[in-house]
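Order of the sequence lines sets the chain letters (A, B, ...), proteins ahead of strands, with each chain counted from 1.
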Amino acid sequence: MPELPEVEHAVRLLRRAVRGRTIAHAELRHPSLARRLPPAVLASLAGARIADVTRRGKHQLIALADGRTLRAHFRMTGDWLVLRAGEEPPRFARAVFELDDGRRLVLEDSRALATLDVHPAGAPPALDLGPEPADPALTPEYLRARFARRRGPIKPALLDQRVIAGLGNIYAAEALWRARIGPRVRASSLSRPRLAALIAAIRAVIGRATGARYTEIGAARLAVYDREGLKCRRCGTPIRRIVQAGRSTYYCPACQRR
DNA sequence: GGTCGCCTGGTA
DNA sequence: TACCAGGCGACC
């Protein structure tokens, strides 16, 4: 379940598995998805050839040869499975796409918060996302401008996808720790050098979105996330947990400056 | 800006 | 039984 590297991993898997294939049949297995995709739209996916799979932020964009875009967002627990012909979809299969070669592409999502949308040809999704972490357009000057009128703390601001696309709760906390910036510091108060350090930290923790999954990175590599009460890897002070904008924030109260 | 709701599960 | 969960949009 995904932050940007996990989504990138999923996109690569998906591209390799389904590009060039045609959807033979599409089926939804949860009412919250059915609410988004009317039966007629779902039925219209049959016969569509998959031209390519790309990513923008945490959105997966499945380009269909007829010009439409099938957009998938994993939210908290979504993932793709590719089943060989005859394999049974698992308990948490929320959408099943049967392909022309008999394999089935399954959206697996225990919490059922993931979304699927179909965008008509000629009307690609308008996502209103900021630059990707790896985008050279992500500069201290850019962040200065975006944060200038924000009164609130930096941590929730980093989760705003309109500012930076793809940063999630874990890596926002990790990046702030690396840059030694306290999560409650006002976004607008950060100087250019500190923003430069923050950008470098974001790139370091996200990696190059090489597709390493959180579970494969292993919790041992994380500096603060989910480490409440454990010693800061830099200074030994116990890590603290607070709640900001309804999300957990983990940080070191000693070496992350206020 | 903050809080809640969406859903359902895993874990203390 | 209660709390927590990697996201995000609606609402105040």
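- The separation between A/Phe147 atom CZ and B/dG1 atom P is 10 Å, rounded to whole Å.
- For the P atom pair drawn from B/dG9 and C/dC8, the interatomic distance equals 22 Å after rounding to whole Å.
- Applying the ring pair (Phe, Tyr, Trp, His ring centres under 6.0 Å) definition to pairs two or more places apart or across chains, none involves residues 110-146 of chain A.
- In this entry the distance linking CZ of A/Arg184 with P of B/dG1 reads 17 Å, nearest Å.
- Note on A/Arg35: only backbone sugar-phosphate atoms sit closer than 4.0 angstrom, heavy atoms only; bases stay farther off.
- A/Arg144 pairs by the side-chain hydrogen bond (donor to acceptor under 3.5 Å, both in side chains) definition with nothing, not counting sequence neighbours.
- Residues passing the side-chain hydrogen bond (donor to acceptor under 3.5 Å, both in side chains) test with A/Thr22: none are found, sequence neighbours excluded.
- For A/Ser110, the side-chain hydrogen bond (donor to acceptor under 3.5 Å, both in side chains) criterion is met by no residue, not counting sequence neighbours.
- C/dC4 atom P lies 12 Å from atom CG of A/Asp226, rounded to whole Å.
- By the side-chain hydrogen bond (donor to acceptor under 3.5 Å, both in side chains) test, A/Arg240 pairs with no residue at all, sequence neighbours left out.
- In DNA chain C, consecutive stretches of 3 or more Watson-Crick or G-U wobble pairs with both distances under 3.5 Å are given as paired ranges: B:1-6 with C:7-12, B:8-12 with C:1-5.
- Rounded to an integer number of Å, the gap from A/Leu113 CG to B/dT8 C1' is 8 Å.
- Atom P of nucleotide C/dG6 and atom OH of A/Tyr171 are separated by 13 Å, given to the nearest angstrom.
- In this structure, A/Tyr225 places its OH atom 6 Å from P of C/dA5, rounding to the nearest Å.
- Side chains of A/Arg150 and A/Ser188: no donor on one and acceptor on the other come within 3.5 Å.
- By the 4.0 Å N-to-carboxylate-O rule, A/Glu98 lies too far from A/Arg103 to be salt-bridged with it.
- Across all strands, A/Arg149 comes closer than 4.0 Å to no nucleic acid atom at all (heavy-atom distances).
- Rounded to an integer number of Å, the gap from CG of A/Leu158 to C1' of B/dG1 is 15 Å.
- Residue pairs satisfying the ring pair (Phe, Tyr, Trp, His ring centres under 6.0 Å) criterion with at least one member in residues 40-65 of chain A, sequence neighbours excluded, are listed as follows: A/His59-A/His73.
- If you check C/dG6, B/dG2, C/dA5 against the side chain of A/Ser248, the one that comes closest is C/dA5.
- Among residues at least two apart or in separate chains, salt bridge (Lys or Arg N to Asp or Glu O under 4.0 Å) pairs with a member in residues 29-38 of chain A are A/Glu27-A/Arg29, A/Arg36-A/Asp117.
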Heteroatom pairs (N/O) under 3.5 angstrom, protein to nucleotides 9-12 of chain B:
residue	atom	partner	partner atom	Å
B/dG9	OP1	A/Arg91	NH2	2.9

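- Counting only residues at least two apart or in different chains, ring pair (Phe, Tyr, Trp, His ring centres under 6.0 Å) contacts with residues 232-258 of chain A comprise A/Tyr225-A/Tyr250.
- The nearest whole Å value for the distance from the CZ atom in A/Arg71 to the P atom in C/dG7 is 16 Å.
- For the P atoms, the distance linking C/dA5 with B/dT3 amounts to 15 Å, nearest Å.
- Across B/dG5 and C/dC4, the matching C1' atoms stand 16 Å from one another, rounded to whole Å.
- One P atom belongs to B/dC4, the other to C/dC3, and the distance between them is 13 Å to the nearest Å.
- The ring pair (Phe, Tyr, Trp, His ring centres under 6.0 Å) analysis of residues 75-112 of chain A, with sequence neighbours excluded, yields the pairs A/Phe74-A/Trp80.
- Atom-to-atom distance recorded for A/Leu64:CG and A/Asp52:CG is 11.0 Å, nearest 0.5 angstrom.
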Please list, pair by pair, any protein nitrogen or oxygen found under 3.5 Å from a nitrogen or oxygen in nucleotides 8-12 of chain C.
residue	atom	partner	partner atom	Å
C/dC8	OP1	A/His73	NE2	2.7
C/dC8	OP2	A/Lys58	NZ	3.3

